[in-house]
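Structure, as structure tokens:
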Amino acid sequence: MKIIDVTNNHFDLVNNQLENTDAYHVKVYSIGGTTVIHTQAATHQNIILVNRVRKIHDREIDFTIEFLFNLTSRDNLEILYGHNFVEIEAKV
């Protein structure tokens, strides 16, 4: 699996996140057809995976957690599953 930084293609999203949330760092990535939004704040980090065509696969979740959080386990993460998205939160 390959993750590509596409933050420069999402200027409005990044600015809105920085202006309207407690996030101090926002990056946007692509894993094929899945968009990954990674935000960092003083007390937590969030990852949102979105795919408008299909549900998010477990291997995408695990790959993203390992890549962005440097974790190999889902322990101590809060994971919210939606129809075509997954939100993952890690407390700092």
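FYI, the numbering just counts along the sequence from 1.
- Side-chain contact check for T34 and E60: at least one donor-acceptor pair (N or O, by modelled atom type) lies under 3.5 Å.
- Taken to the nearest 0.5 Å, the CD atom of E87 stands 5.0 Å off from the CG atom of N46.
- Side-chain contact annotation: D22 with H44, donor-acceptor N/O pair under 3.5 Å present.
- The side-chain heavy atoms of K91 and T43, taken from C-beta on, include no pair separated by under 4.5 Å.
- E19 places no side-chain N or O within donor-acceptor distance of the main-chain N or O of N16, the cut-off being under 3.5 Å.
- Taken from CD1 in I88 to CG in L68, the straight-line distance is 9.0 Å, to the nearest 0.5 Å.
- By the side-chain contact (heavy atoms from CB on, under 4.5 Å) test, V6 pairs with I4, N9, H10, V28, S30, sequence neighbours left out.
- Taking a 6.0 Å sphere around CZ of R54, one finds it holds more than 12 heavy atoms contributed by other residues, nucleotides or ligands.
- Separating the NZ atom in K27 from the CD1 atom in I47 is a distance of 14.0 Å, to the nearest 0.5 Å.
- The local environment of CG in N76 is sparse, with at most 12 non-hydrogen atoms from other residues, nucleotides or ligands closer than 6.0 Å.
- At least one side-chain heavy atom of V50 sits less than 4.5 Å from a side-chain heavy atom of I48.
- From I31, atom CD1 reaches atom NZ of K2 across 12.5 Å, with rounding to the nearest 0.5 Å.
- Not counting sequence neighbours, the partners of F67 by the side-chain contact (heavy atoms from CB on, under 4.5 Å) test are I3, Y29.
- Considering all non-hydrogen atoms of both residues, V86 and I79 come closest at CG1-CG2, 3.7 Å.
- A pairwise comparison of heavy atoms in T39 and A23 identifies CB-CB, 4.1 Å as the closest pair.
- No more than 12 heavy-atom neighbours from other residues, nucleotides or ligands sit within 6.0 angstrom of CD on E78.
- Between L18 and Y24, the shortest heavy-atom distance links the atoms CD2-C, 3.7 Å.
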